[in-house]
Amino acid sequence: MLAFFRRLTHSRVGVIITFLVLGVIALAFAAGDVTGLSSMTGGAGITGGDVAKVGKAEVTANEVKTQAQTQLEGFRQEQPTLDMATFVNQGGLDGTLDRIISSMALEQFGRAQGMVVSKRAVDGQIASIPALQGPTGKFDENLYRQVLAQRKLTDAQIRTDIVRDTFAQQLTIPSTGATQVSSQLALPYASLLLEKRTGTIGFIPAAIVPAGPAPSDADLNTFYKRNIARYTVAERRIVRYAIVSPDRVKAQAVPTDAEIAKAYQQDRARYAATEKRTITQVVVADQAGATALAAKVKAGTSLADAARAAGLEASTQTGVEKAAYANTASAQVADAVFAAANGAVIGPVRTQLGWTVAKVDKIENVAGRSLDQVRGEIAAALGIQKAAAALSDVHDKIDDSLSKNATFDEVIADQKLAAVTTPALIASGVNPDDAASKPDPAIAPLVAAAFQATEGDGPQLVQLGTDGGFAVVALGRVVPATPRPLAQVRAAVLQDVTADRSRQAARKVAADVLARINKGMPIQQSLSQTGLKLPAARPLTASRAQIAADPRGAPPALALMFSMAPNTAKTLAAPDDSGWFIIKLDSIASGNAAGNDAAIKAARANIGRSVGREYVEQFAKAVRADVGVKTNAASLARVRADLLGNGATGN
């Protein structure tokens with residue numbers, strides 16, 4: 001999860017999500033539910049509809065809703081079909097409130113200790129985010145405002161969250177790095193990682209096990225009702241949009257002859273004749289050494305070789321103009337070098353760093369370029385500038401109209417734009433009623449914006465690409481998640497019922513195989529007695545270190561084998577429901593890390609990280625207890641109902 005949030009900092013959509021959750025989650029709560037809502041007291045002393053009180057601060061229902069929605073949108077980057085109901089029911093709302101409370105408690109505790117987060121520090125964090133940097137590589141205020149508008153957030157909210165995250169980092173980082181674990185303590189853990197286990201694995205594919213008689217209509221109906229979610233089309237949205245591209249302002253972007261001539265005059269130095277030189281130089285600390293080195297170069301030794309013989313390293317600047325060279329050397333050295341002939345050795349010349357010896361390797365005279373010669377180059381650059389300005393003007397006019405509650409149709413008519421209405425799409429951009437439908441990357445940001453909106457919201461502006469283009473986007477209609485009629489999905493239900501019966505039959509076969517193995521029969525013999533054409537059993541061998549090193553986590557079969565007693569067997573469902581594994585553990589070879597410094601060192605580091613997280617967890621709990629936390633169960637229930645669509649949307 002943390003890696004996912006880090007990746008989001010490279011996209012405009014993810015910037016705000018990162019602001020809201022990265023600091024405190026990554027540092028204080030990555031290990032799980034660190035502080036737990038169960039530690040909070042009742043709602044006494046909380047006013048109005050506030051969900052919680054943290055010290056002197058209150059957590060409003062609006063804040064919880066906003067951050068829950070923001071976090072849901074973040075998860076949707078990886079799970080486009082995730083809806084609010086699933087998010088809330090799986091603990092997303094409780095986790096959101098818990099993180100808000102913990103970050104507020106850490107902030108108040110930090111301020112009480114005299115800690116400060118300056119405005120300049122916050123400014124620096126915002127400006128350093130790559131996704132907020134414009135074409136020049138510098139922070140783009142307009143882009144920042146656009147992102148805030150898209151996410152329906154304010155600058156004040158972002159700054160508050162950055163301050164809280166900074167306090168959390170400053171308070172928790174020392175705890176994570178303060179752990180020390182002795183080699184003696186790490187030894188048994190290091191030895192455990194060296195343990196090796198050997199077993200055998202068999203597989204019973206569900207596809208080859210008879211499913212029994214054909215299911216009846218009643219069977220299909222029962223299965224359909226029991227698994228209705230499987231045949232339910234996710235919430236869909238109809239999106240209305242109009243794209244404003246640079247082509248719209250193409251005529252306005254053509255520069256006049258006067259504008260081209262003016263630009264040429266303003267940047268005349270760029271087109272004037274110039275001289276460029278390739279120069280090799282070395283700086284020597286004392287004059288005598290520099291004089292001796294210059295003499296060797298004048299006698300025919302290359303400057304690089306002469307410098308290397310003296311224990312120095314020469315540097316070369318290729319195709320550099322005098323002004324640029326003066327900035328890296330000195331005006332005095334530049335005057336001497338650019339007055340010398342090609343191949344000349346200059347120096348030693350005294351500078352602030354010592355004595356410089358230089359050699360002119362090449363002289364290149366670049367002829368000046370006339371207005372006619374650079375007209376096309378200037379026209380292209382001016383065209384880009386004028387197109388950007390014209391697009392910005394259209395953007396501002398539409399933005400002004402939207403701020404005055406103009407409708408989508410009014411904006412389209414006023415600006416004479418071409419409106420497009422999509423079919424009902426799921427969050428991934430697919431039309432589930434069209435088997436050939438595929439997501440269109442060109443409108444993905446528009447679909448995302450529509451899924452972030454709620455019914456009744458006005459149109460919004462969404463930036464597209466890097467050419468200045470944008471779109472006016474409105475939510476046309478929300479189509480709730482709806483089960484498809486049984487008649488429409490009958491073939492799929494029949495296939496699913498048959499597959500389910502095969503899986504259940506395969507499970508019974510696996511249970512019989514397991515029973516025979518646990519009575520002493522060899523695994524291959526037990527598999528053969530099924531009468532089915534099953535794959536042959538295979539050996540299974542691994543060490544704990546091998547499965548611990550796998551970044552994807554241990555395969556389920558290996559994980560099970562490392563939790564079993566010797567000479568026992570167990571069944572395991574295949575991850576894709578394709579059948580059943582039978583795993584038998586044959587032997588365990590204990591590890592011994594005594595004398596294995598590398599293994600002990602690695603174990604110490606791993607245990608240290610775990611202990612560091614425990615320190616952070618206990619520290620966060622203590623801070624919450626010190627600051628004081630109260631929750632309003634009734635208000636939280638109302639927020640939960642609102643997010644699930646079961647209550648009013650007011651606060």
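In what follows, every heavy atom counts, from backbone to side chain, and hydrogens, waters and symmetry copies are set aside.
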With sequence neighbours left out, write down each residue that passes salt bridge (charged side-chain N to carboxylate O under 4.0 Å, His left out) with [X], or none if nothing qualifies.
X	value
Asp399	none
Asp500	Arg503
Asp434	none
Arg477	none

Indicate the atoms forming the closest heavy-atom contact of [X] with [Y], along with that distance.
X	Y	result
Ala68	Phe87	O-CE2, 3.7 Å
Val479	Ala424	CG2-CB, 4.1 Å
Thr454	Leu475	C-CD2, 3.8 Å
Ala453	Gln460	CB-NE2, 4.2 Å
Val64	Val639	CG1-CG1, 4.1 Å
Pro432	Val233	CG-CG1, 3.6 Å

task = Apply side-chain hydrogen bond (donor to acceptor under 3.5 Å, both in side chains) to Asn62 and Thr60, showing your working.
result = CA-CA 5 Å; Asn62 264 343; Thr60 66; 5.7 Å; no
Separation between [atom1] of [X] and [atom2] of [Y], rounded to the nearest 0.5 Å:
X	Y	atom1	atom2	answer
Ser103	Asp161	OG	CG	7.0 Å
Leu106	Gln169	CG	CD	11.0 Å
Thr407	Ile412	OG1	CD1	9.0 Å

Using a 4.5 Å cut-off on heavy atoms from C-beta on, say whether the side chain of [Y] contacts that of [X].
X	Y	answer
Val394	Gln415	yes
Pro575	Phe581	yes
Val430	Leu425	no
Val462	Val472	no
Arg240	Val473	no
Phe470	Ile398	yes
Asp496	Asn227	no
Met84	Gln69	yes

Is the backbone of [Y] close enough, under 3.5 Å, to the side chain of [X] for a donor and an acceptor to pair up by distance?
X	Y	answer
Asp267	Ala263	no
Gln373	Ser370	yes
Thr422	Val239	yes
Thr482	Pro480	yes
Ser392	Ala389	no

key: side chain to side chain contact (heavy atoms under 4.5 Å, CB included) evaluation trace for Ile260 with Leu371   = CA-CA 9 Å; Ile260 294 173; Leu371 174 58; 4.0 Å; yes
ask   = Considering residues at least two apart in sequence or located in another chain, which fulfil the ring-ring contact (aromatic ring centres under 6.0 Å, His included) criterion with Tyr224?
value =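 Listed in chain order: Tyr231.
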Residues in ring-ring contact (aromatic ring centres under 6.0 Å, His included) contact with Phe167, at least two apart in sequence or another chain =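 If we apply the ring-ring contact (aromatic ring centres under 6.0 Å, His included) test to Phe167, skipping adjacent residues, there are no hits.
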ask   = Passes salt bridge (Lys or Arg N to Asp or Glu O under 4.0 Å), Lys119 versus Asp123? Steps please.
value = CA-CA 6 Å; Lys119 179 179 180 299; Asp123 290 343; 3.0 Å; yes
Could I get the full list of side chain to side chain donor-acceptor pair (under 3.5 Å) partners for [X], not counting sequence neighbours?
X	value
Thr86	Asp83
Thr166	Gln125
Lys276	none
Lys397	Asp393

key: salt_bridge(Glu63, Lys65) N-O dist < 4.0 Å   =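 Salt bridge flag = no for Lys65 with Glu63.
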message = Check Asp155 with Arg159, please: is the shortest side-chain N to carboxylate O separation under 4.0 Å?
response =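 Salt bridge present between Arg159 and Asp155.
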request  = Check step by step if side chain to side chain contact (heavy atoms under 4.5 Å, CB included) holds for Leu93 and Leu636.
outcome  = CA-CA 9 Å; Leu93 174 60; Leu636 179 59; 4.1 Å; yes
ask   = Is the count of non-hydrogen atoms from other residues, nucleotides or ligands lying under 6.0 Å from Arg268 atom CZ greater than 12?
value =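 No, the 6.0 Å shell around CZ holds no more than 12 heavy atoms from other groups.
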key: salt bridge (charged side-chain N to carboxylate O under 4.0 Å, His left out) pairs, two or more places apart, involving residues 482-495   =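 Found Asp217-Arg490, Asp433-Arg484.
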request  = Please collect all salt bridge (charged side-chain N to carboxylate O under 4.0 Å, His left out) contacts where either partner lies in residues 376-389, sequence neighbours excluded, each pair once.
outcome  =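 Every pair satisfying salt bridge (charged side-chain N to carboxylate O under 4.0 Å, His left out) with a residue in residues 376-389: Glu259-Lys386, Arg270-Glu377, Arg369-Glu377.
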request  = Begin with the C-alpha distance, continue with both residues' side-chain angles, and end with the deciding distance and a verdict on side chain to side chain contact (heavy atoms under 4.5 Å, CB included) for Ile426 and Glu235.
outcome  = CA-CA 6 Å; Ile426 59 176; Glu235 178 186 292; over 6 Å; no
message = Is the ring pair Tyr144/Phe139 parallel, tilted or perpendicular, if the boundaries are 30 and 60 degrees?
response =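 If you compare the ring of Tyr144 with that of Phe139, the planes turn out tilted.
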Full working for side-chain hydrogen bond (donor to acceptor under 3.5 Å, both in side chains) between Arg99 and Gln67 = CA-CA 10 Å; Arg99 286 186 283 272; Gln67 293 215 23; over 6 Å; no
message = Determine whether Arg248 and Ile243 satisfy the following criterion, side chain to side chain contact (heavy atoms under 4.5 Å, CB included), listing intermediate values before the conclusion.
response = CA-CA 9 Å; Arg248 175 181 169 82; Ile243 293 177; over 6 Å; no
